[in-house]
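The block underneath contains the structure these notes are about, expressed in C-alpha cells.
We number each residue from 1, following the sequence as shown. Keep in mind that the numbers below use all heavy atoms, side chains included, and drop hydrogens, waters and symmetry copies. Quick caveat: nothing in here was measured; it's all calculated off a predicted structure.
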Amino acid sequence: MNTALLYHLLDVDPADGPAELLHRARGSRHLPHLVLSALAREDVRMGEPARAELRRARARADRYAGLALDLARSTGVRAIHGLPLAGYYPTDLLRPQAGLDLVAPGEAALWQAVVRLVTDHPVETIDVTLLGDRPHHTAVTVRWPAEDPLLDPWYRVRLATAALPGDCATVPVRPYLVADDHVECLIALAEAQLRTRADGAAGGASGPPDPLTLLDLSCLTDQPFEPAETAAVLAAYRLAPEAAALLDLAAPLLPLGTLAAVRTALTPELAPERRRRAEAAAGPRLPVRHGTLLRRTVIRHTWDEARLLGAGDSHEGGALLLTPVADYLLGAPDASPTLADRSTALDALHHWDTHC
C-alpha cells in the first residue's frame, strides 16, 4: 500500500498535494491518521500539531492492542474485526481504530471483561443489548474519555457473546468464528456490509464501499486464500452475497490478487443463499432489546452472569436486566421508556434490593 492508492481511493489529484489528501481524508471516518502515517513514511514535511495528532493516534492504537491482549489472558475474550485487520497493514501504517471489538466465549467471560474495564478505566457509559429471547446473546459497549476529550474520540470497547450478529431477519446470529485469520478478516468485511444494509445506511452491499474497506481488502489480496474452501466458508456463514458484491465493487478500483479466484468460486453459492433468505424473510424477526440505564451499582463481584427479571418477577412494566455493573430497563430499540416506566422499574429494583 502506498500514497498513490490513497490518492486514488479518496479521489484526489496527486498534483493537489498532501494537504488536499489530508483534507479529503478528514471527511472519511478516522482516515486522517492513516494518511498522516503514510505521509510520515514518505518523509512529507509536517508541523508539530500534525505529528502530535499522529503520536496520539498511535498511542491509542497501542492501548487498544494492549487491552485486547490483557483481556484475552485474563478472561478469554478475543479481538475480532478491526484489530486483526490492522495486523495485515504495513507496520508503519496506522489503520484507523474507531474502537475495539471483542467476542467472549460465554456470558461469564463477557462480564468478567466488563468488570475489568470498569475497574481499570474511567468508564462513563455502559450500553447493553440482548439479541434473541431465551436463550439470548449479550452485547455490551463501554466508553470512556480520551486524555484530551476535546481533540480525540472517546475510547470504545464492544464485547459480545456472538461474533456475527446478522441482520435480525434473514441472516441469523453466528456465535463463533473458526476460519484462518485472513479468512476471518474477509468474513468481518462482508459482515460489515451486511450490517450497513440492515441499518438502512447508504453504501450497503449494493453501494460503493468506503475507502477504509477497500484499503482493508488491499491488505488481504496477497494472502493464501484457497478459493473453493474460502467460498464454502463464506457460504456457511451466510455471507456469500455480501462478499461477492464487495469484491465486484472493489475490482475496478484495486487489483484483487488471490481474491479474484475467491470471487469466481462464490458464484454458485449466491442463488442458494438468496433463496434461503427469501424463505427466511417470511418468518419472525429476531427480537432485539436495548437497555435503558436505571442505575450504576457497586460491582457485584460474585455474579458470573446477568439476571433477567420479567413480569413474573414482581415487575410488570417490562423486563429488568440486573448485571454485575449496572441495572437496566429493557425495551425495543426505537422506544424510549416513559417517566412512569422508569418509576415503576425503580420501584421494582427497590423491592428486589430489600427482598432478594
As an exercise, state the distance from [atom1] of [X] to [atom2] of [Y], rounded to the nearest 0.5 Å.
X: Glu229; Y: Asp180; atom1: CD; atom2: CG; result: 6.5 Å
X: Arg95; Y: Leu215; atom1: CZ; atom2: CG; result: 9.0 Å
X: His81; Y: Leu189; atom1: NE2; atom2: CG; result: 9.0 Å
X: Leu10; Y: Arg26; atom1: CG; atom2: CZ; result: 12.5 Å
X: Glu305; Y: Leu110; atom1: CD; atom2: CG; result: 10.0 Å
X: Leu220; Y: Leu256; atom1: CG; atom2: CG; result: 11.0 Å

Are [X] and [Y] side-chain neighbours, meaning at least one heavy-atom pair lies under 4.5 Å?
X: Arg55; Y: Glu48; result: yes
X: Gln97; Y: Leu83; result: yes
X: Leu294; Y: Leu320; result: yes
X: Thr161; Y: Pro175; result: no
X: Gln112; Y: Pro324; result: no
X: Leu22; Y: Pro32; result: yes
X: Val12; Y: Leu6; result: no
X: Tyr89; Y: Ser218; result: no

Do [X] and [Y] land in one hydrophobic cluster if side-chain heavy atoms of ILVMFWY residues count as linked below 4.5 Å?
X: Leu270; Y: Ile187; answer: no
X: Leu293; Y: Val140; answer: yes
X: Leu254; Y: Leu85; answer: yes
X: Val118; Y: Leu321; answer: yes
X: Val35; Y: Leu253; answer: yes

Please name the pair of heavy atoms, one in [X] and one in [Y], separated by the smallest distance, quoted to 0.1 Å.
X: Ser37; Y: Arg58; result: CB-NH2, 3.5 Å
X: Pro165; Y: Val173; result: O-CG2, 3.4 Å
X: Pro211; Y: Leu31; result: CB-CD1, 3.7 Å
X: Ala345; Y: Leu329; result: CB-CD1, 4.2 Å
X: Leu177; Y: Arg78; result: O-NH2, 3.3 Å
X: Tyr88; Y: Cys219; result: O-CB, 3.6 Å

TODO: Classify the angle between the aromatic ring planes of Tyr64 and Tyr155 as parallel (below 30°), tilted (30 to 60°) or perpendicular (above 60°).
DONE: perpendicular

Ring geometry between Phe225 and His182 (parallel below 30°, tilted from 30 to 60°, perpendicular above 60°)
perpendicular

Residue pairs passing the salt bridge (charged side-chain N to carboxylate O under 4.0 Å, His left out) test with at least one member in residues 2-20, sequence neighbours excluded, are Glu20-Arg24

Indicate yes or no for a side-chain donor-acceptor contact from [X] to the backbone of [Y] under 3.5 Å, with no hydrogens or angles considered.
X: Arg300; Y: Thr323; answer: yes
X: Thr196; Y: Ala192; answer: yes
X: Arg276; Y: Thr170; answer: yes
X: Thr354; Y: His351; answer: yes

Residues at least two apart in sequence or cross-chain that pass salt bridge (charged side-chain N to carboxylate O under 4.0 Å, His left out) with Asp120, listed by chain then number, are Arg116

For Leu322 and Leu349: C-alpha separation, side-chain torsions, deciding distance, then whether side chain to side chain contact (heavy atoms under 4.5 Å, CB included) applies. CA-CA 9 Å; Leu322 281 57; Leu349 285 178; 3.8 Å; yes

Residues [X], [Y]: salt bridge by 4.0 Å N-O rule:
X: Glu279; Y: Arg275; result: no
X: Arg277; Y: Glu242; result: yes
X: Asp167; Y: Arg238; result: no

Show which side-chain atoms of residues 122-132 pair as donor or acceptor with protein atoms under 3.5 Å away, not counting sequence neighbours.
unit_1: Asp127; atom_1: OD2; unit_2: Arg143; atom_2: NH1; d: 2.6
unit_1: Thr129; atom_1: OG1; unit_2: His290; atom_2: ND1; d: 2.7

So for atom CZ, which belongs to Arg295, do other residues, nucleotides or ligands contribute more than 12 heavy atoms lying within a distance under 6.0 Å?
yes

Notebook entry, point to check: Taking everything shown except His23 itself, do over 12 heavy atoms lie less than 6.0 Å from its NE2?
Noted result: no

Between Asp101 and the options Arg156, Arg158, Arg195, the salt bridge (Lys or Arg N to Asp or Glu O under 4.0 Å) test singles out Arg156

Q.
Quick one, Leu39 with Met46, criterion side chain to side chain contact (heavy atoms under 4.5 Å, CB included). Give me CA distance, side-chain angles, the key distance, then yes/no.
A. CA-CA 9 Å; Leu39 296 177; Met46 62 180 70; 3.9 Å; yes

Go through the side-chain N and O atoms of Thr338 and Asp341 and say whether any donor and acceptor fall under 3.5 Å apart. yes

| field | Flag for Asp347-Thr344: side-chain donor and acceptor within less than 3.5 Å | value | no

Which is it for Trp111 and Leu159 under the side chain to side chain contact (heavy atoms under 4.5 Å, CB included) test, yes or no, and what are the steps along the way?
-> CA-CA 9 Å; Trp111 288 114; Leu159 309 100; over 6 Å; no

Side chain to side chain contact (heavy atoms under 4.5 Å, CB included) evaluation trace for Arg289 with Asp133 = CA-CA 9 Å; Arg289 291 171 290 175; Asp133 192 4; 3.9 Å; yes

